[in-house]
Enquirer: 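Could you have a look at this structure, given as structure tokens, before my questions?
What you see is a predicted model, and the numbers here were worked out from it, not measured in a lab.
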Amino acid sequence: MTLSRHSLWPLAILLLVLWRPLAAAELFYLGQRIPDPNKPWSSLEYQQLLEALKKVEETQVNALPRRSGEFTGPIYRRMVSEENFRPQLNIYAPLELRQNEAREVLFQLKELMRLYFDFRAARQPYGAEALGLMTHSLRQQAVLFTLTTEFWMTLSQQEQSNPVRLQGLQETKAAAAMLTSSALDYLGLTKQFDREDLELYGAEMARQLPELFVHLDAGIRPQLLARVGELAERHPYHQVRESMGELLPVLAAIQNDIERQLAQPQAPTKPADPLDLSVPAEL
């Protein structure tokens, strides 16, 4: 049986009442077990939440956690909390494990976006939440790139030339380019998202994209520059045009710096002096 929207609030209130006394106990949202929103989440917690929300979506109407919901807000805010990145950036943990964890969290975030986005609808039912998840996914992609670069630098030249390693790096870059392109696409969906949500999203994008832009392939960066320039000039909302206008010179400066560094001639590597293993002469 499907519950109406109004009948959800007593259940949500009951959940909040139970949260504090059950600090160390299992937590439930509309009958589904969820991770503790008061603690940072790993990929396992994201997976647990995803499974719970899929079941909620199948049986309840308009019941996914809201960005500013009085009762469901803590769940959503934990979903997009930058505090969740902290374990991935812990330099004392094995780098490859942190890289794999970042990749798995990004996958779970993309699956959560599938729940929150509904492009069959004339108006997005979870517009603010869907856009917030996209911004958070961009942040997670940037963290993954940072860890991938660090890991790449630990490899020998022979390992860096390994076809399997190269393919993995290219796949990471291709996925990032697709995510970034999709993120810009949403700015154009003015009929499906509220104006204030798109304006906030544009401002968040302007802060986030430079960190990701520097990692993208040379063939993708000029295309993104052109798209940001077009949004800065033609987007129907002034605030979005302003955000993209502030972003454009930042990305252009990054692009110019990359091109300048690539144009510099590579200094020849001086061969190491041969190791002298001869017996020293007697004095």
Side-chain angles (χ1 to χ4, degrees), residues 1-9 11-12 15 28-35 37 41 43 45-81 84 104-141 175-205 208-209 227 231 235-237 239-240 243:
M1 181 175 67
T2 300
L3 296 179
S4 68
R5 180 177 181 178
H6 295 292
S7 65
L8 297 179
W9 300 122
L11 290 172
L15 172 64
F28 292 84
Y29 175 62
L30 298 178
Q32 303 301 324
R33 185 170 177 267
I34 63 169
W41 287 354
S43 59
E45 280 77 31
Y46 274 108
Q47 183 177 6
Q48 181 186 4
L49 179 77
L50 178 63
E51 293 172 355
L53 293 187
K54 281 182 176 179
K55 293 177 181 177
V56 168
E57 179 71 0
E58 291 173 357
T59 58
Q60 313 292 335
V61 175
N62 197 29
L64 296 181
R66 293 281 183 176
R67 186 172 190 164
S68 57
E70 183 179 359
F71 305 113
T72 63
I75 302 173
Y76 180 82
R77 289 193 290 273
R78 172 54 60 190
M79 234 186 283
V80 296
S81 172
N84 298 337
E104 181 60 27
V105 170
L106 182 59
F107 172 77
Q108 301 296 342
L109 286 170
K110 290 179 179 179
E111 291 301 305
L112 282 168
M113 280 194 287
R114 292 178 187 272
L115 278 181
Y116 274 89
F117 279 103
D118 181 6
F119 289 103
R120 296 169 299 178
R123 200 77 173 173
Q124 286 298 300
Y126 300 100
E129 292 76 22
L131 294 174
L133 277 168
M134 173 57 81
T135 304
H136 190 69
S137 296
L138 289 172
R139 295 191 188 102
Q140 181 64 73
Q141 182 73 75
M178 184 177 298
L179 183 65
T180 307
S181 180
S182 297
L184 290 175
D185 287 342
Y186 297 143
L187 283 172
L189 300 179
T190 54
K191 293 182 179 181
Q192 292 192 334
F193 294 98
D194 291 340
R195 177 170 184 158
E196 57 270 27
D197 293 336
L198 280 177
E199 289 176 344
L200 175 60
Y201 177 64
E204 292 178 342
M205 286 274 291
Q208 182 57 39
L209 271 185
R227 291 190 62 189
L231 288 166
H235 197 278
Y237 299 155
Q239 288 294 336
V240 175
S243 295

Enquirer: I need the Met134 CE to Glu204 CD distance, nearest 0.5 Å.
Expert: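 Reported value, rounded in 0.5 Å steps: 12.5 Å.
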Enquirer: Under 4.5 Å between any side-chain heavy atoms of Tyr76 and Tyr116, yes or no?
Expert: yes
Enquirer: Please tell me if the side chains of Leu53 and Pro65 come closer than 4.5 Å, counting only heavy atoms from C-beta onward.
Expert: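 The answer is yes; the side chains approach within 4.5 Å.
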Enquirer: Taking atom CZ of Arg114 as the centre, does the number of heavy atoms from other residues, nucleotides or ligands within less than 6.0 Å exceed 12?
Expert: no
Enquirer: What pair of heavy atoms forms the shortest contact from Gly202 to Ser243, and how long is it?
Expert: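 Reported closest heavy-atom pair: O-CB, 3.6 Å.
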Enquirer: Looking at OG1 of Thr135 and CD of Gln140, how far apart are the two atoms once the value is rounded to the nearest 0.5 Å?
Expert: 13.5 Å
Enquirer: At what distance, to the nearest 0.5 angstrom, does CG of Leu115 lie from NZ of Lys110?
Expert: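 It is 15.5 Å, given to the nearest 0.5 Å.
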Enquirer: Please list, one pair per line, the donor and acceptor atoms closer than 3.5 Å that link side chains of residues 175-183 to other protein atoms, with sequence neighbours excluded.
Expert:
from: Thr180; atom 1: OG1; to: Ala176; atom 2: O; distance (Å): 2.8
from: Ser181; atom 1: OG; to: Arg227; atom 2: NH1; distance (Å): 2.9
from: Ser182; atom 1: OG; to: Met178; atom 2: O; distance (Å): 3.0

Enquirer: Identify the heavy atoms of Val56 and Ala63 that sit nearest to each other, and give their distance.
Expert: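 For Val56 versus Ala63, the nearest heavy atoms are CG1-CB, 3.8 Å.
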Enquirer: Can you sort out the partners of Phe107 under side-chain contact (heavy atoms from CB on, under 4.5 Å), two or more places apart, ordered by chain and number?
Expert: Glu104, Glu111
Enquirer: Could you check whether any side-chain heavy atom of Arg66 comes within less than 4.5 Å of a side-chain heavy atom of Phe71, counting everything from C-beta outward?
Expert: no
Enquirer: Ignoring hydrogens, what is the shortest heavy-atom contact between Pro74 and Gly69? Give both atom names and the distance.
Expert: CD-O, 4.4 Å
Enquirer: Looking at CG of Leu112 and NZ of Lys54, how far apart are the two atoms once the value is rounded to the nearest 0.5 Å?
Expert: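 Here the rounded value is 9.0 Å.
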Enquirer: Looking at Tyr186 versus Phe117, is the centre-to-centre ring distance below 6.0 Å?
Expert: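 That pair passes the under 6.0 Å test.
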Enquirer: Tyr46 side chain to Met79 main-chain N or O, any donor-acceptor pair under 3.5 Å?
Expert: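 Yes: the side chain of Tyr46 pairs with the backbone of Met79.
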Enquirer: Output the distance between atom CD (Gln108) and atom CD (Gln48), rounded to the nearest 0.5 Å.
Expert: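 Taking CD in Gln108 and CD in Gln48, the distance rounds to 11.0 Å.
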Enquirer: Rounded to the nearest 0.5 Å, what separates atom CD in Glu45 from atom CG in Leu50?
Expert: 13.0 Å
Enquirer: Can you confirm whether Thr190 sits close enough to Leu198 that some side-chain heavy atom of one is under 4.5 Å from a side-chain heavy atom of the other?
Expert: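 Sidechains of Leu198 and Thr190: in contact.
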Enquirer: For residues Leu184 and Met205, determine if any side-chain heavy atom of one lies less than 4.5 Å from a side-chain heavy atom of the other.
Expert: yes
Enquirer: Taking Arg123 for its side chain and Lys191 for its backbone only, find out whether a donor-acceptor pair lies under 3.5 Å.
Expert: yes
Enquirer: Do you know the tightest heavy-atom contact between Met113 and Ser137?
Expert: CE-OG, 3.4 Å
Enquirer: Applying side-chain contact (heavy atoms from CB on, under 4.5 Å), run through Arg139 and His136 and close with a yes or a no.
Expert: CA-CA 5 Å; Arg139 295 191 188 102; His136 190 69; 3.9 Å; yes
Enquirer: Between the side chain of Ser81 and the main-chain N/O of Arg77, is any donor-acceptor distance below 3.5 Å?
Expert: no
Enquirer: Write down the atom of Ala121, the atom of Gln124, and the distance for their closest heavy-atom approach.
Expert: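 Between these two residues, the closest heavy atoms are O-NE2, 4.4 Å.
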Enquirer: With a 4.5 Å limit on heavy-atom distance, are the side chains of Leu64 and Glu129 in contact?
Expert: no
Enquirer: Are Ile75 and Leu49 close enough that some pair of their side-chain heavy atoms sits under 4.5 Å apart?
Expert: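 They are in side-chain contact.
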Enquirer: With side chains defined as the heavy atoms from C-beta onward, is the minimum distance between Leu200 and Arg67 less than 4.5 Å?
Expert: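 Side-chain contact under 4.5 Å: yes.
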Enquirer: Which heavy-atom pair separates Ile34 from Ala52 by the least distance, and what is that distance?
Expert: CG2-CB, 4.0 Å
